[in-house]
Amino acid sequence: MGVKGKTNKPVFDKIHFSVILLISAMVVLMALPVQTYGAETVKQEKEEKGFDAGKVIIDHILDSYDWHLADYGDLHISIPLPVILLYEGKWHFFFSNKFHHGKYAYNGFRIAAEGAKKGKIIRVLDDGVTPDPNASFLLDLSLTKNAVSIILTSVLLCFLLINVARNYKKFGSHSPPRGLASFLEPIVLFVRDDIAKTAIPEKKVNTFLPYLLTLFAFIFLNNLVGIVPLFPGGANVTGNISVTITLAMFTFFTWHIFANREYWKHIFNTPGVPIFLKLPIPLMPLIEIVGVIIKPLILALRLFANITAGHMVILGFASLIFVLGAKVASMGFAISPLSVLFVIFMNFLELLVAFIQAYIFTFFSAIFIGMGVPEEHH
Amino acid sequence: MELVMPGIGLIFWTTVAFGMVLIILRKFAWKPILYTIKERENYIAQSLKQSKRIQRELDELDNTKEKLMIQAKATAEEIIQKARIDGEQIVKAAQQKAQKEASQLINDAHNAITAERRAVEKEIRQQIALLSVDIAKHVIQDEFNDIGKKNKYVNKLLEDIPLN
């Protein structure tokens, strides 16, 4: 035990160091461009009257190329994030403040204001507005708000859990869990006993347990960080379809890479089904394959829809104040206690949802993985 | 529409981030944590089993102790009983022996006394006889100067006189 703890110590220090590095990098990154950018945009969008709640809510829920912090009057304060593009074999790196909140094009790229690619970076003609009709494929690997948030929470997660693991090593197995470990241990036991062991055959549990635990912790932490309204929280990470589809794909591949013969037999030659459903038209295999594809998609959609809906409701209640306030100021003040009360209520509900959705995603992942490794009986 | 359109960039970064987290946590977090939890569970199970075993052993020891106590008490009583009987027997034997010896002594004494008396009686009779003879000699000497007559008379006398 003691020897093991010593050998892993440098790793922990590296993680510790990388957290500090990342945070300081973020601080440096946000410090310079924010003010200059803010000054330039003071005189823009004077014509916007009233309060468009729908637009605000959608803007908060969607991913974006810069991290919007706050508005003060006409001053938009946001952190520009790195844009990484591969176009016609050439890499383009620059910060998103070059787009000036989507107002300008830069190097022939701009954020589409409308159309199928609205909100994404597209290639434009020399006039800087018209989309290039002959544009070839544009690979957009920009570190968007959600990407940065995912990286930050990943680092946080690694930092926290390695810390807990160190704690375990320090106190050994003959001591009750202490500190952060006592918070984590019920979750670990919950995932192990109530998720993994109920869905996966006993012998295979240990193979998939680290994956399920990571999945649960990752979704749970991202859900929680998403509820926090201030930087570095507030990014709607687990309410983004790209993220949830990626996680579902991880489950899909884990499920099928580890699947055994019994499972494939079940897909292509379902036992207990009349032969005319398999030959000459492979009806049953087709149905099974469709089911296999739909399962992870539903998994992704469920998480995406639940988290997005939660964010929408909270933002809706908060927007109510400004919608009414824009008409008559006193109405805004009058409604605010009620709105705040509802937002508080919704936040508590979201805390619950954060756990439940992490649980459901992990549970269904475990069930799918368990389906792939049925006990072989011959 | 933008809401449900997956973007390649975010998919890429999520894959990278989640993949890294999975690899790092698998090696540096879950492995030691799960190992320690398993170890602790084994330890607790073993301790419970051990405590049950110790309890059982203690109970057994208690039983043995009680049995031994009862046995010891019984043995002690037996020993005491036996000692008492032995003692009584010894006393009785001693008494008998003493009695026997006493009666022997009395018997011996009695015999000795009888023998002595016999001897004394015999001597006295002899003495008496001798004295009588002497007296008679003195008495008869004058009468019987003749030795022949005298001897005849003595022998006749001796025969006539009863022993007692």
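What you see is a predicted model, and the numbers here were worked out from it, not measured in a lab. Just so it is clear: chains get the letters A, B, ... in the order the sequence lines come, proteins before strands, and each one is counted from 1.
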Requested in this report: Return the minimal non-hydrogen interatomic distance between Ala147(A) and Leu10(B), and the atom names on each side.
Outcome: N-CD1, 3.5 Å
Query raised in the report: chain B heavy atoms under 4.5 Å from Asn146(A): which part of the residue, side chain, backbone, both or neither?
Result: both
Query raised in the report: Heavy-atom distance under 4.5 Å to chain B: side chain of Thr246(A), backbone, both or neither?
Result: side chain
Query raised in the report: Rounded to the nearest 0.5 Å, how far apart are CG of Leu213(A) and CG of Leu22(B)?
Result: 10.5 Å
Report summary line: Cut-off 4.5 Å, heavy atoms of chain B, and the answer for Leu62(A) is side chain
Query raised in the report: For the atom pair NZ (Lys169(A)) and CZ (Phe28(B)), what is the distance rounded to the nearest 0.5 Å?
Result: 8.0 Å
**Report entry** Intermediate values then yes/no, side-chain contact (heavy atoms from CB on, under 4.5 Å), Val188(A) and Trp30(B)
**Finding:** CA-CA 9 Å; Val188(A) 173; Trp30(B) 301 128; 3.9 Å; yes
Query raised in the report: What's the spacing between Tyr168(A) OH and Glu39(B) CD if we round to 0.5 Å?
Result: 13.0 Å
Query - chain B contacts, top residue of Thr144(A), Ile241(A), Thr244(A) (heavy-atom pairs, under 4.5 Å) - result: Ile241(A)
Query - Which of Val16(B), Ile8(B), Ile37(B) touches chain A most, by non-hydrogen pairs under 4.5 Å - result: Ile37(B)
Query raised in the report: What part of Asn240(A) gets closer than 4.5 Å to chain B, counting heavy atoms only: side chain, backbone, both or neither?
Result: side chain
Query raised in the report: Can you tell me if CD on Glu57(B) sees more than 12 non-hydrogen neighbours from other groups inside 6.0 Å?
Result: yes
Report task. With sequence neighbours left out, write down each residue that passes side-chain hydrogen bond (donor to acceptor under 3.5 Å, both in side chains) with Thr251(A), or none if nothing qualifies. Result -> Tyr211(A), Ser365(A)
Query raised in the report: Can you find a pair of side-chain heavy atoms, one from Cys158(A) and one from Met20(B), that are under 4.5 Å apart?
Result: no
Query raised in the report: Where on Leu215(A) is there a heavy atom nearer than 4.5 Å to chain B: the side chain, the backbone, both, or neither?
Result: both
Report task. Could you pull out all residues at least two apart from Ile85(B) that satisfy side-chain contact (heavy atoms from CB on, under 4.5 Å)? Result -> Gln81(B), Gln89(B)
Report summary line: Heaviest contributor of heavy-atom pairs below 4.5 Å to chain A, chosen from Asn42(B), Val21(B), Ile44(B), is Val21(B)
Query raised in the report: Does His110(B) NE2 have over 12 foreign heavy atoms under 6.0 Å away?
Result: no
Query - Spacing of Arg26(B) atom CZ and Leu209(A) atom CG [to the nearest 0.5 Å] - result: 10.0 Å
**Report entry** Distance in Å, Glu41(B) CD paired with Ser173(A) OG, rounded so as to fall on 0.5 Å steps
**Finding:** 11.0 Å
Requested in this report: Using non-hydrogen atoms and a 4.5 Å limit, figure out which bit of Ala217(A) sits close to chain B: side chain, backbone, both or neither.
Outcome: side chain
Query raised in the report: Any idea how Phe18(B) and Phe250(A) line up, ring-wise: parallel (<30°), tilted (30 to 60°), or perpendicular (>60°)?
Result: perpendicular
Report task. Return yes if some donor-acceptor pair links the side-chain N/O of Ser242(A) with the main-chain N/O of Gly7(B) below 3.5 Å, else return no. Result -> yes
Query raised in the report: Closest approach of Ile33(B) and Ala165(A), non-hydrogen atoms and distance?
Result: CG1-CA, 3.8 Å
Requested in this report: Quick one: pull up CE in Met5(B) and CG in Asp63(A) and give me the separation to the nearest 0.5 Å.
Outcome: 13.5 Å
Query - Contact origin within Leu143(A) toward chain B - heavy atom pairs under 4.5 Å - result: both
Report summary line: So, the part of Leu34(B) with a heavy atom under 4.5 Å from chain A: the answer is side chain
Report task. Search all heavy atoms of Trp13(B) against all heavy atoms of Ile84(A) and return the closest pair with its distance. Result -> CZ2-CD1, 4.0 Å
